[in-house]
Amino acid sequence: MKTVPQITLQEAVAMVKDGDTLLQGGFGMTGNPVHLMHALAETKTKNLTFIGNNVGEVGIGGGRLLRNGQLKKIIGSFFTSNPEAVKAAQDGIVESELLPQGTLAEAIRAGGAGIGGFFTPTSAGTDLAKGRETKILDGTEQVFIPGIKGNVAFIRAWKADTAGNLQYRMTEQNFNRAMATAADLVIAEVEEIVPVGVIPAESIHTPGSYVDYLVQATLTLEDLGSSAAVSSSKKVSESRLNMAKRALKELNKGNVVNLGIGIPTLVADLISEEDEIILHTENGMLGVGPAPTDGGGAMDYPVNAGKVPVTALKGASYFDSADSFAMIRGKHVDVAVMGGLQVDEAANLANWAVPGQPLLGVGGAMDLASGAKKLIITMMHNEKNGDAKIVPVCDLPLTALKAVDMVITDKAVFEFIDGKLTLTEILPGATLEEVREKTTASFIEKLS
């Protein structure tokens with residue numbers, strides 16, 4: 001069995017050259033090779049193309065390289081988690097390319113597998129598809145995405161043996177597994193290095209044949225950023241809670257369900273073990289449980305797509321982001337409950353961007369909207385200024401075309417029945433007259 005060299009952080013970052021394309025594993029700060037990134041920030045290496053789900057957090061991980069002016073271009077899925085990355089992109093300080101999260105993961109996996117690219121229905125008909133080749137395959141418009149490879153990959157694993165075999169911990173597989181296959185030079189930052197044979201063969205997630213160097217570095221709470229601990233409990237309005245309760249009624253025993261950030265997250269707090277609903281989170285977990293009650297964070301628990309520490313129910317499983325989105329696109333997620341900015345009469349959804357506002361992240365929304373068997377949108381019926389959110393035609397950037405099955409607002413429930421927007425229920429505190437007045441879209445009424 002080969003022995004993979006163990007080197008220092010400084011030796012590792014010296015291998016990154018000006019102008020390189022750097023793949024950085026992690027989802028938020030979970031599974032993030034933060035020590036390698038911080039060591040690279042101490043060098044004069046510049047003009048880097050950074051590829052990762054997000055550019056760390058403010059002043060942490062890739063955020064430190066950004067602040068130093070070492071990044072020329074950023075390619076990722078959710079820059080919004082780092083306001084400095086959003087501002088740098090909008091001000092033209094760095095070039096930026098936004099990809100849906102599942103598309104990014106699959107592009108990296110394709111690059112590592114020697115595949116030139118692939119077609120995906122995700123993002124078809126949206127701004128992110130502009131300038132890309134499209135084809136109709138099996139009756140569905142699909143977008144061509146080239147495979148992604150890098151010069152260097154910095155990844156983070158929990159354990160490595162001296163042969164470079166890697167084991168990840170809980171939701172720390174995320175982008176790390178695919179990135180370990182997709183670079184000319186792969187450097188793994190690990191918590192612990194053990195002799196060959198200590199990690200059971202069936203527990204090895206990345207074979208040592210992909211890994212060139214190992215660096216040992218110990219995580220601290222400060223390295224985990226916003227995932228270091230569970231935040232304090234939040235106050236929830238009665239209207240938002242009513243929407244979550246109504247969404248829960250649409251979930252059946254045995255359903256695999258993905259809950260988006262915002263109002264959909266409240267649904268998780270209402271699910272009991274007896275409901276037998278299996279929660280999926282796109283960063284690589286099935287069987288998500290409630291938030292831990294002991295104040296622990298990502299050092300002790302998995303995290304969900306909101307980068308919030310959660311518990312794992314009995315029978316839970318972990319996997320990487322590429323497998324997670326294959327699950328979504330392959331129609332193995334029964335229901336997705338997501339927030340929305342607009343839904344129109346044609347069941348189109350806009351939920352990821354508002355022109356002129358500092359948003360630069362699509363995350364997994366496009367994949368989920370087009371991939372889940374059933375899509376439920378929960379949102380307030382109107383904007384704070386009174387503008388309707390259920391409209392004749394969306395005028396905000398689209399997330400997915402003809403994808404919405406149900407809309408639950410603080411005032412009503414709409415369903416798309418035979419392709420027609422249909423009012424089926426008035427929620428407590430609202431009246432039919434009010435719903436008619438505050439909805440600009442045309443709809444059919446089928447109230448029971």
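None of these values were measured; they are calculated from a predicted model.
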[X] and [Y]: side chain donor to acceptor below 3.5 Å:
X: T206; Y: Y168; answer: yes
X: N351; Y: T399; answer: yes
X: D294; Y: Y301; answer: yes
X: T220; Y: E222; answer: yes
X: H38; Y: D223; answer: no
X: Q167; Y: H205; answer: no

Task: L22: which of L40, I51, L36 passes side-chain contact (heavy atoms from CB on, under 4.5 Å) - done: L40
Task: side-chain contact (heavy atoms from CB on, under 4.5 Å) between V34 and L219, worked out - done: CA-CA 9 Å; V34 61; L219 279 178; 4.2 Å; yes
With a 4.5 Å heavy-atom cut-off, do [X] and [Y] have their side chains touching?
X: N82; Y: V86; answer: no
X: L65; Y: M37; answer: yes
X: I145; Y: R132; answer: yes
X: L166; Y: V211; answer: yes
X: N283; Y: N53; answer: no

Donor-acceptor pair, distance only, cut-off 3.5 Å: does the side chain of [X] make one with the backbone of [Y]?
X: T8; Y: E11; result: yes
X: T162; Y: P195; result: no
X: Q216; Y: E191; result: yes
X: N176; Y: R156; result: yes
X: N165; Y: I199; result: no
X: E189; Y: H35; result: yes
X: T281; Y: A305; result: yes
X: N151; Y: T21; result: yes
X: D410; Y: S239; result: no
X: T126; Y: S123; result: yes

- [ ] Show the numbers, then the answer: is there a side chain to side chain donor-acceptor pair (under 3.5 Å) between N258 and E282?
- [x] CA-CA 8 Å; N258 185 289; E282 55 261 41; 2.9 Å; yes
Open item on the list: Is the terminal nitrogen or CZ of K307 (NZ for Lys, CZ for Arg) located under 6.0 angstrom from the six-membered ring centre of F27 and within 45° of that ring's axis?
Closed with: yes
Out of curiosity, [X] [atom1] to [Y] [atom2], how far, rounded to the nearest 0.5 Å?
X: S226; Y: E57; atom1: OG; atom2: CD; result: 3.5 Å
X: K17; Y: N47; atom1: NZ; atom2: CG; result: 14.5 Å
X: S237; Y: M243; atom1: OG; atom2: CE; result: 8.5 Å
X: E97; Y: T49; atom1: CD; atom2: OG1; result: 10.0 Å
X: M327; Y: S321; atom1: CE; atom2: OG; result: 11.0 Å
X: Y318; Y: Q173; atom1: OH; atom2: CD; result: 10.0 Å

Which heavy atom in [X] sits nearest to a heavy atom in [Y], and how many Å separate them?
X: G297; Y: P309; answer: CA-CG, 3.6 Å
X: A39; Y: V13; answer: CB-CG1, 3.7 Å
X: T45; Y: Q70; answer: O-NE2, 2.9 Å
X: A244; Y: L266; answer: CB-CB, 3.7 Å
X: M366; Y: P100; answer: SD-CG, 3.9 Å

Open item on the list: Could you check whether D405 pairs with K374 (Lys NZ or Arg NE/NH1/NH2 to Asp/Glu carboxylate O, under 4.0 Å)?
Closed with: no
TODO: Answer yes or no: is there an ion pair linking R109 with E106, defined by an N-O contact shorter than 4.0 Å?
DONE: yes
Open item on the list: As a quick check of understanding, evaluate salt bridge (Lys or Arg N to Asp or Glu O under 4.0 Å) for R177 and D323, giving each step before the final call.
Closed with: CA-CA 10 Å; R177 268 181 51 196; D323 281 348; 3.8 Å; yes
Task: Residue pairs fulfilling side chain to side chain donor-acceptor pair (under 3.5 Å) with at least one residue in residues 378-396, sequence neighbours excluded - done: Q342-D395, H381-T409, H381-T439, N385-D387
Open item on the list: Under the criterion side-chain contact (heavy atoms from CB on, under 4.5 Å), I'd like the reasoning laid out for K73 against V94: C-alpha separation, chi angles, the key distance, then a yes or no.
Closed with: CA-CA 5 Å; K73 183 175 182 178; V94 295; over 6 Å; no
Task: From CA spacing to verdict: side-chain contact (heavy atoms from CB on, under 4.5 Å), L104, I148 - done: CA-CA 8 Å; L104 175 65; I148 289 176; 4.0 Å; yes
Residue [X] excluded, over 12 heavy atoms near [atom1] under 6.0 Å:
X: K314; atom1: NZ; value: no
X: Y210; atom1: OH; value: no
X: K46; atom1: NZ; value: no
X: K331; atom1: NZ; value: yes

Task: Worked check of salt bridge (Lys or Arg N to Asp or Glu O under 4.0 Å) between E95 and K72 - done: CA-CA 6 Å; E95 298 175 55; K72 175 184 68 176; 5.5 Å; no
